[in-house]
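Contents: one structure, followed by commentary.
Every heavy atom of this structure was used, including side-chain atoms; hydrogens, water molecules and symmetry mates were not. Proteins get letters first, then strands, A, B, ... in listed order; numbering begins at 1 in each.
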Amino acid sequence: MISGYVQNGLYDEAINLFHEMKNAGQKPDHVSLMSMLVASGRQGNLLNGTEIHAFSLRNGLDSDLQVGNTLVDMYAKCGKLDYMDSVFGRMLHRDSVSWTTIIAAYAQNNFPWKAVQLFYKVQAEGSHVDALMIGSVLLACTELRCNLLAKEIHCYVIKRGIYDPFMQKTLVSVYGDCGNVDYANSIFRLSEVKDVVSFTSMMCSYVQNGLANEALGLMLCMNEMRIEADFVAVLSMLTAAADLSSLRKGKEIHGFLVRKGLLLQDSIRSSLIDMYASCGTLENSYKVFNYLKSKDPVCWTSMINACGLHGCGRKAIDIFTRMEKENIHPDHITFLAVLRACSHVALIEDGKRIFKIMQSKYALEPWPEHYACFVDLLGRANHLEEAFQIVKTMNLEDIPAVWCALLGACQVYANKELGEIAAMKLLELEPKNPGNYVLVSNAYAATNRWDDVEDVRVTMKGKGLKKDPACSWIEVGDKVHTFIAQDKSHPECDKIYEKLAYLTEKLEKEAGYVAQTKYVLHKVEEKEKVKLLKGHSERLAIAYSLLASNDRNPIRITKNLRVCSDCHTFSKLASKYLEREIIVRDAKRFHHFRDGICSCGDFW
DNA sequence: ATAGGGTTAG
């Protein structure tokens, strides 16, 4: 009876029955003890677990191998690795279950290298290795993001002939997490039996590696094979739709969820909130959020993030305040969302207050991301000196993201001195990140240091580093069309350029648009600069959307980098001239252009 | 009646 309760997740019932049994004068044996330990471990109830441990010591049941293994697992699941170690160390005998348990424990508790070491030890001692042990070692690979190690284990498994369908699925996600989509894909393709989990693993690998289109392609493939998505599969589909800003796909998935009655999961709701916000429809995020009855902090964080993304900093803070009133505990990511929301609209005092209570009231130690965000908030609000002081007094000088934030602000306010310091520091800390060279070069360009701009670009090239090209995309019908600057690859290329030239001319003549070449951050001739600006990817996307549709619906564009100032002006004027809303999602936030005005108030 | 691994949201 006790075991039945535990198998069905009814841990409190199991514990009550266990005590009832003791009160009735029945003495627990090693079997009932194990059930109790499993219950304690899954609940993370250290007190219960320790009590059972003590009982087993008093009654001489602790020397049993299975009891020992379960004790190791119980302490691991309660996060007490020191207790776990001492139980493991005192075991008289160990089998492959003991090793698997402790390897999984280290892998899941932030000591993946220890897990790997133990695996090597198992091999050295010649102990038995089975599929379950490999499963735990693969968890460690994922944590380490070590592609080489994954390959090594992969080979080992093939050589030893312990390759099972479970492991195939695990390997797909391990390779995906290690950034090796090609291997993940080949294992997926070669696996004979594909189920929801196989598909989900592969879709996640795609999404994690920025290949949302491919993930949605698999979704179609799954439909064709009549494999129905479960809620985990839907989570990655929603993330893919959000990445692409594919409102059509997102709504399609939402519809599927409604038909299947899968809406009650909190994880699904938070994904929906995020998807609708990422697709530019904050109203829909609100609708999903307002149905919310649960106290799940993730959903609240999603909604705060959604508001922040659309420049509604006040609303983000309001939701945070409501969250506090309802006694829902904000965590690190909640605070990142609130701080970002503040930084998008320069709510300095609120940002400071929230950064403070995060530490004082909630005892959360800021992550590097929080510091970077805080420095960004101050810096971009033109409190550069204060931001710099914070970097120095809080000892943030070894965090690259902090210098990125400071340098970005220096670019906005054309600050030469501080910009130079930040640039040097950043390139010293992270000399292999191409994004840093672009940022440094842009900051130099902002202060007219064209020779230095050229130097940085040359250095970058010399190191073989390449930046992602700027691109914009737009969903028309059931297709996503992608454009890079000066793109000539679209089948309707000629018409697009014709349309864009016409629109540009209209804006010049009727709305006073003049290309601002000071925003071109390359050292080229003036004429060339104008040409570069006029071929920016979001303008191609706007032109294409005009060709593709005649309606008055908003034009929704997504781009991978931040919007440039000249395109910002262009979009404002175009929204008024065309009498159409233009909604742009850039790398950090949304811009809603309407009637010649942008929702960001020209601050971004 | 009894112990260990896999897909997953902000």
Side-chain angles (χ1 to χ4, degrees), chain A residues 1-7 28-38 41 61 64-74 76-77 94-105 107-108 115 129-140 142 162 164-174 176-177 184 188 195-205 207-208 229-239 242 265-275 277-278 285 289 296-306 308-309 330-338 340:
Chain A
M1 191 66 211
I2 291 173
S3 139
Y5 276 140
V6 173
Q7 278 171 16
D29 66 355
H30 66 286
V31 177
S32 50
L33 285 189
M34 275 191 279
S35 289
M36 293 315 297
L37 288 172
V38 170
L61 293 167
D64 182 274
L65 177 61
Q66 292 188 103
V67 171
N69 286 342
T70 318
L71 277 168
V72 170
D73 192 52
M74 181 276 291
K77 292 208 161 60
R94 297 185 190 107
D95 64 358
S96 62
V97 177
S98 330
W99 290 105
T100 302
T101 309
I102 200 162
I103 287 172
Q108 288 164 338
V129 175
D130 65 6
L132 274 81
M133 193 186 288
I134 297 294
S136 298
V137 178
L138 287 174
L139 286 180
T142 300
I162 35 174
D164 70 3
F166 277 135
M167 212 182 289
Q168 261 179 350
K169 295 168 206 172
T170 314
L171 272 167
V172 169
S173 71
V174 171
D177 287 338
F188 172 74
D195 61 7
V196 208
V197 179
S198 327
F199 271 96
T200 308
S201 305
M202 195 58 227
M203 283 194 292
C204 291
S205 295
V207 171
Q208 278 172 4
D230 63 3
F231 89 95
V232 183
V234 164
L235 290 177
S236 49
M237 292 173 184
L238 285 172
T239 311
Q265 305 262 6
D266 284 333
S267 53
I268 294 276
R269 293 197 174 175
S270 66
S271 286
L272 277 172
I273 293 169
D274 182 58
M275 180 277 291
S278 298
S285 297
F289 179 72
D296 180 31
V298 179
C299 289
W300 290 75
T301 304
S302 298
M303 197 58 226
I304 291 171
N305 209 27
L309 211 56
D331 64 10
H332 279 97
I333 302 179
T334 313
F335 280 104
L336 258 185
V338 190
R340 284 208 186 113

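Within 4.0 Å (heavy atoms only), A:I333 reaches at least one base atom of the nucleic acid. Using a 4.0 Å heavy-atom cutoff across all strands shown, A:S271 reaches sugar-phosphate atoms only and no base atom. Base contact: A:T334 has a heavy atom under 4.0 Å from a base atom. Nucleic acid contact class of A:S198 (heavy atoms, under 4.0 Å, all strands): none. Residue-level contact check: A:T70 touches the backbone only, with heavy atoms under 4.0 Å from sugar-phosphate atoms and none from bases.
Checking B:dT2, B:dA9, B:dG6 against the side-chain heavy atoms of A:Q66 singles out B:dT2 as nearest. Proximity note for A:C204 (side chain, C-beta onward) versus B:dG5, B:dT7, B:dT2: the nearest is B:dT7. Among the nucleotides B:dT7, B:dA9, B:dG5, the one closest to the side chain of A:T200 is B:dT7. Minimum atom distance to the side chain of A:D331 is reached by B:dG10, of the listed B:dA3, B:dA1, B:dG10.
A side-chain donor from one of A:S198 and A:D195 sits under 3.5 Å from a side-chain acceptor of the other.
Below the 3.5 angstrom threshold, one finds a donor paired with an acceptor across the side chain of A:D130 and the base of B:dG4.
In plain terms, the two heavy atoms of A:I134 and A:I162 that are nearest each other are CG1-CD1, 4.1 Å.
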